[in-house]
Amino acid sequence: MHVELQRSRGVVFMPKIVTFLCPLFLAFTLVSSAVPVELKVGALVSFNYIGDGEWPPYQGEILEAAEEYVDSSNILGDDYSLKVTLLDSGCDPKQGIIAVVTELDKSNRVDGFVGPGCSAVCKNTAYIASKEGFNVPMISYACTLDSLSDVSEYSTFARTVSSVGANAGPMIQIIKAMKWERIGIIYRNIGLYEEAAASLKKELISAFPDISEDMPDGFKVVCYKVWYFDDEDSEEKISTARDIRQECADEVRVFMILAYDTDVIDFLEYAYNDQAFPFTECAFLSLEVTQTAVTNSTQVYTQGLLSLSPKNPDNDIFDNLATEVKSKLNDQSVELDVYSATLYDSVLTYAQAAKSVINSNSDETEVLAMIKNGTYMAEVIASLSPFEGASGTVAFDKNADRKASLEVFQAQVSASDGTIHMVAIFQTDTSTNELVAVNGTVYQWNDGSSKPPPACGDGRELCTEPDLQKTILLVVLPIGSCFSSSQLSSSSS
């Protein structure tokens, strides 16, 4: 399937014949305007994401709106235009490679890519895009693998999301504020989460090198476990989750779970229904568990879940994008999310980088050569001044990774109508890049109380066993953890 978003750009006038009559001759003058040079971008998206429809939803309308915004805002000036073509990379490495190589093998190939969105696809396609002979820019809107920050391997790669490693700093802030002496990490047997678990474990251990008054035995990562199962085998999923709970129950009460949001919800359900597991004594944290995943679940086991996520879009550009997509679909019930915004901003980022090149050189041949040079474009993106996009202020570090702007949400039950929803607990202070508590926040944990459970148990019984002092445990799945309102407030003051 190949869908193109092609629009007439610029104004092309039909030749006008102007006749001048004079005594000796008849002169004809043809007048026409120049056609803008077209920059071609391939959008690597999924037409059928893990069998659940296109992702991000409404991708065609979002990309069309981005193309129209670049045009109406005259970002590229009068001499250049933009055309976006949709390419189905799926969420499968092989399919992604085929989509990229097929496009780059064309004589009239694209000048750059936005996407892909799945980390499983990003690693291979970004490697191919950076190789000599291709050297084409690629701007992902959702891939978070830390390894993609290596410019020696992925020299043409940029992204409008931060790497998973950017979560380490906020996690450390939270753990310090809560005075948690240990944490378990549970992770899915998928490359993205395996890499995230290893990165977070390393950062957490290095952040707490010494014994302190708050942590008399020092900080430990315990119960470091891989949650292994085949996507098609539900029995294996349930049994391996049970094995992890049994191994971890005597070691820790705070868990970080690294997995897809639906898997995180499943893990919580299994733990809640396990009578032998002290569910209400535990805290759970995760990465990027969505509002939709929570509202589609049963509140008795998701209540209290903490999720560290990119900041929710909240500006006029995002509102206008939502309005445009609803209008294009003639459907006012459409809802966009943060990845709708980062997809949109990947196109804006390409346009801003191209603009920088266009403004630096008046020679069309040289401009096109630089825009098609992926390594050069990645360097341009890394040096771009911050600009406002649908996902908020877009700024990049030296590796062309989006600088993180994160929020911490907690799943809470509304006292007014009994529904469950995600409530902002922490937000990033853009001036310091530190997490600060949201004013007036009241926490709501697994048992409905506002007091977070201690990592070592109420009587620190889990931290007094001699054999546990030598154990290292890490569990990756959604992340489970607890926060103290007073401690968090005082830490941010």
*asked:* Using the rule given for side-chain hydrogen bond (donor to acceptor under 3.5 Å, both in side chains), can you reason through Glu434 versus Thr428, listing the C-alpha separation, both sets of side-chain angles and the distance that settles it, and then say yes or no?
replied: CA-CA 5 Å; Glu434 298 285 320; Thr428 300; over 6 Å; no
Considering all heavy atoms, the nearest [X]-[Y] contact:
| X | Y | value |
| --- | --- | --- |
| Ile425 | Phe409 | CG1-C, 4.1 Å |
| Tyr339 | Pro310 | OH-CG, 4.3 Å |
| Leu82 | Val347 | CD2-CG1, 3.7 Å |
| Val254 | Pro453 | CG2-O, 4.4 Å |
| Ser360 | Met370 | OG-CE, 4.5 Å |
| Ser119 | Leu192 | OG-CD1, 3.8 Å |

*Determine, stepwise, if the pair Ile139 / Thr160 fulfils side-chain contact (heavy atoms from CB on, under 4.5 Å).*
CA-CA 7 Å; Ile139 308 170; Thr160 53; 4.2 Å; yes
Flag side-chain contact, heavy atom, 4.5 Å: [X] against [Y]:
| X | Y | value |
| --- | --- | --- |
| Phe47 | Leu86 | yes |
| Pro452 | Trp445 | yes |
| Leu306 | Met256 | no |
| Met178 | Ile174 | yes |
| Arg253 | Pro454 | no |
| Val438 | Phe426 | no |
| Pro116 | Thr125 | yes |
| Ile371 | Leu39 | yes |

Which word best sums up how the rings of [X] and [Y] line up, parallel for under 30°, tilted for 30 to 60°, or perpendicular for over 60°?
| X | Y | value |
| --- | --- | --- |
| Tyr154 | Tyr127 | perpendicular |
| Tyr193 | Tyr260 | perpendicular |
| Trp227 | Phe267 | perpendicular |

*Step by step, work out the side-chain hydrogen bond (donor to acceptor under 3.5 Å, both in side chains) result for Gln444 and Gln303.*
CA-CA 7 Å; Gln444 190 182 100; Gln303 180 181 12; 3.0 Å; yes
*Consider only side-chain N and O atoms of Arg402 and Thr349, and report whether a donor and an acceptor are under 3.5 Å apart.*
no
*Between Asp337 and Ser340: side-chain donor-acceptor atoms closer than 3.5 Å*: yes
*asked:* Applying side-chain contact (heavy atoms from CB on, under 4.5 Å) to Tyr376 and Val357, what does each step give before you reach the verdict?
replied: CA-CA 10 Å; Tyr376 181 76; Val357 174; 3.8 Å; yes
Atom pair [atom1] ([X]) and [atom2] ([Y]), whose distance is rounded to the nearest 0.5 Å:
| X | Y | atom1 | atom2 | answer |
| --- | --- | --- | --- | --- |
| Glu194 | Leu145 | CD | CG | 10.5 Å |
| Met138 | Met377 | CE | CE | 13.0 Å |
| Ile62 | Leu343 | CD1 | CG | 5.5 Å |
| Glu195 | Asp146 | CD | CG | 5.5 Å |
| Phe219 | Ile175 | CZ | CD1 | 4.0 Å |
| Cys143 | Asp401 | SG | CG | 11.0 Å |

State whether the side chain of [X] and the backbone N or O of [Y] hold a donor-acceptor pair below 3.5 Å, judged by distance alone.
| X | Y | value |
| --- | --- | --- |
| Thr156 | Gly374 | no |
| Ser140 | Ala142 | yes |
| Asn359 | Ser356 | no |
| Glu61 | Glu324 | no |
| Asp397 | Lys403 | no |
| Ser163 | Thr144 | no |
| Glu203 | Ile172 | no |
| Asp111 | Lys40 | yes |
| Asn315 | Gly389 | yes |
| Glu407 | Lys311 | no |

*Decide yes or no on salt bridge (Lys or Arg N to Asp or Glu O under 4.0 Å) for Asp231 and Arg188, but give the supporting numbers first.*
CA-CA 11 Å; Asp231 286 324; Arg188 261 300 307 268; 3.4 Å; yes
Crowding at [atom1], [X] (>12 non-hydrogen neighbours, <6.0 Å):
| X | atom1 | result |
| --- | --- | --- |
| Glu153 | CD | yes |
| Lys202 | NZ | no |
| Asn439 | CG | no |
| Asp78 | CG | no |
| Asp314 | CG | no |

*Gamma sulfurs of Cys118 and Cys91 within less than 2.5 Å*: yes
_For Asp345, is there an ion pair with Arg159 - N to carboxylate O distance below 4.0 angstrom?_
no
*Note: Glu68-Lys328 ion pair, threshold 4.0 Å (strictly below)*: yes
*asked:* With side-chain hydrogen bond (donor to acceptor under 3.5 Å, both in side chains) as the criterion, how do Ser89 and Gln95 come out once you've worked through the C-alpha distance, each side chain's angles and the decisive distance to 0.1 Å?
replied: CA-CA 5 Å; Ser89 60; Gln95 184 176 343; over 6 Å; no
*Let me see the working for Val394 and Leu348 under side-chain contact (heavy atoms from CB on, under 4.5 Å), right down to the final yes or no.*
CA-CA 10 Å; Val394 181; Leu348 266 59; over 6 Å; no
*Candidate pair Asn135 and Ser130, rule side-chain hydrogen bond (donor to acceptor under 3.5 Å, both in side chains), full reasoning*: CA-CA 5 Å; Asn135 190 26; Ser130 68; over 6 Å; no
_From CA spacing to verdict: side-chain contact (heavy atoms from CB on, under 4.5 Å), Thr85, Val41_ = CA-CA 6 Å; Thr85 300; Val41 174; over 6 Å; no
*Can you name the one residue among Ile317, Thr323, Val325 that meets side-chain contact (heavy atoms from CB on, under 4.5 Å) with Leu321?*
Val325
